[in-house]
Amino acid sequence: MTEKNMAQQNNNKRKRIWSLIKNLPAYHARKSFLQALASSEVVLVVGETGCGKTTQLPQQALDVGYRSIVTTQPRRVAAISVAERVCLERGVTLGSQIGYVVRFDDKTSSETQLRYVTDGVLLREAITDPDLSRYDLIFVDEAHERSLQTDIVLGVVKRALTNRRGSLKVVVMSAFLDTDKFRSFFSSFDLSILEMEGRLYPIDIFYIKTPVEDYVEAAVVACLQIHFEESFPGDILVFLTGQEEIESAARMIKERFDNYCSYLEKNFLPCSENKHTTLYHPLRVYPLFAAMSPDAQRAALKPCRNQFRKAILATNIAETSITIPGIKYVVDCGFSKQRVVSSMKCLDALRVSPISQAQALQRAGRAGRECPGKCFRLYTKDDFDKLSIHPVPEILVSDLVSVTLQLMAMGMENPFKLELLDNPRTESFQYALEVLLSIGALDSSMKLNAIGKQMAFFPLSPMLSRSLLESITLNCSSSMLALCSILSTESVFQLSSQIRESAFQAWNKFISSLGDHFTLLQVFQSYLSIPEHERIQWCKEHYLNYRSLATANNIYCQLSQLLQQQKYSSSFMSHLYEEESEQDRLGRCLVAGFFRQSVRIGSNCQLYTLFEPLQVDIHPSSVLHRRLSSKEEGYLIYHELIWTTKPYIRTVMRVKEEWLLQHGGNCFQLES
DNA sequence: GAGCACTGC
């Protein structure tokens, strides 16, 4: 028999094993899952939220003798809460047989056989163990969300399957799956597909008859209509796109509801409490978005015991991240803010764009978790049909510098070759390689060098990693650790229009004339000097975001530990620039990581980026905004470039020309 | 003088 024939026969054998098991009730699912697992290398499980796939299937695998199982989740909270639930179901202590690992929190031990992890954690493990050899079974959950990390995990897992034929099995789980895509992605393996029945209650979906111009107005009307016409109890969840929309909708609902109530009371109702409550129930409005304080978020989630009806106005944080009890009605505006691909490199732009059908289903599903519900879509059925079925995979619109470094650290010399569900444009990878080369992570043959390996070791952006490594050489790593930590977190300055004056006054003492980097460092170092139990109060007094600072502190501790593990030899350190101030040395380190993001100050404070021919402005939130004198010359570096009404640079600092010359990766030379 | 959807190591 020829080789070709043998290959063909093997292929046929695989095809025959492939099976499709449709809509299994839960009691059948158990048997079928174990059969599928026994006969295939890859199992795709499709099932809505609540079908028990995440909690039940890994336990079944445990019961039939798999001894090292991992289940990945895109989000921390999910990994933690699922692990806790499974432990409760089995009556075992968290961290013994079953545990979880998320950043800053490892609840596993040597006896742990089933671990729930975020996919970022698994990718980090893959750097030291690219074939994931410590696991015999890997579950990848929420694959339909197509997050950057999940897509990369799927690529790495497929590679491990190929390298470890026979000793590894994979289960991909999702709510609604592009089955064909996943089937062809895993076509070289024995594959089973399992569909499990969800436990969602039926949801009636209503469309608007004619398109609306202003969906915020439409959402307000819909919300009030539901309140007055639909049965009580049952809370309302309204999906809008951002803080501004949510706040104005909240104002409008409150206003109109109050007006209507006083109109009713004046004209129809005697002032009797009883009659009052039988004719209409009170309505309370709660905003919900990520930037809110945890206290305010909790208020929106607190059950109201049917004393009034809640209307929660949320961003897509309520789509996946936060589950709100008591929701019976969903209003969906059909839009969300999404990152859009930009022709310009390293430029973020958010735009309000139509959601996908999958997202619309997800939003509607929020109405049927506890009882039959209703979903009111503020768009026509025609418009729904025109929506794309699946969301744009994140990998197609993301910056790949970090991911490329990680893949190379796993030993892939050519990350282009990793098989992925959707391949990013070649330019994205090429750009990533170009960046890595220029900041010194690659040698001239484009292979990862010692510095690059070190950079991948830290959970930081490659540019920050580069700055951190430079700071070891220049003997200022302790302050750089703090700077890296605070630069890795979201904004610490809490903006609110009412308290602007007093907030600016409170921030004044932190401000550094060099720019935002040292201002932030000043804030963080002051925060660290405050006793722990006084920190929350201190943040309140200074209008600072406690959550961000606490996260920065966690990162700071993690980075310090990692740095200690590394034990850099003294040959790594130099005595260069010893006579300079620490600030100057820190500046040099930042330039070593971020010189690609440098800007020349031209006449009249016109700013031009040096790597892309682009004129930019300093964002009004920067301490250097309007602080450059009209005759000032020189250079700046920035941490972020964002496109809103025009290109803005955010988190900006002044740098010296000689720093660019000496730490700019040989990209600069003096004009003759 | 403008405005930051959401995750993650």
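Order of the sequence lines sets the chain letters (A, B, ...), proteins ahead of strands, with each chain counted from 1. On a predicted model such as this, the values are computed, not experimentally measured, just so you know.
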Look at the side chain of [X] and decide which nucleotide, out of [options], has an atom nearest to it.
X        : options             : value
A:Arg124 : B:dA5, B:dC4, B:dC9 : B:dC9
A:Tyr648 : B:dA2, B:dT7, B:dA5 : B:dA2
A:Phe289 : B:dC6, B:dT7, B:dC4 : B:dC6
A:Val121 : B:dC6, B:dA2, B:dC9 : B:dC9
A:Pro620 : B:dG8, B:dA2, B:dC6 : B:dA2

OP1 or OP2 of [N] sitting under 4.0 Å from any side-chain N/O of [X]?
X        : N     : result
A:Thr118 : B:dC9 : yes
A:Ser621 : B:dA2 : no
A:Arg76  : B:dC9 : yes

Taking the six-membered ring where the residue is Trp, are the ring centres of A:Trp507 and A:Phe504 under 6.0 Å apart? yes
Determine the contact category for [X]: base if any of its heavy atoms lies under 4.0 Å from a base atom, sugar-phosphate if only primed atoms, P, OP1 or OP2 are that close, otherwise nothing.
X        : result
A:Arg103 : base
A:Phe458 : nothing
A:Ser336 : nothing
A:Val102 : sugar-phosphate
A:Arg650 : base
A:Thr315 : sugar-phosphate

Report, as yes or no, whether the 6.0 Å neighbourhood of atom CZ on A:Arg103 holds more than 12 heavy atoms from other residues, nucleotides or ligands. yes
Is the shortest distance from a Lys or Arg side-chain nitrogen in A:Arg134 or A:Asp129 to a carboxylate oxygen in the other one below 4.0 Å? no
Rounded distance in Å - [atom1] ([X]) to [atom2] ([N]):
X        : N     : atom1 : atom2 : value
A:Trp643 : B:dA2 : CH2   : P     : 15 Å
A:Gln558 : B:dG8 : CD    : C1'   : 12 Å
A:Glu490 : B:dG8 : CD    : C1'   : 12 Å
A:Ile642 : B:dA2 : CD1   : C1'   : 9 Å
A:Glu394 : B:dG8 : CD    : P     : 12 Å
A:Ile322 : B:dC6 : CD1   : P     : 9 Å

For A:Ile317, the side chain to side chain contact (heavy atoms under 4.5 Å, CB included) test, sequence neighbours excluded, returns A:Leu288, A:Ala290, A:Gln297, A:Thr315, A:Ser321, A:Ile322
Quick one: on DNA chain B, does A:Thr241 or A:Pro459 contact a more 5' nucleotide (nearest heavy atom)? A:Thr241
Looking at residues at least two apart in the chain, or sitting in another chain, which of them share a ring pair (Phe, Tyr, Trp, His ring centres under 6.0 Å) with A:Phe524? A:Tyr556
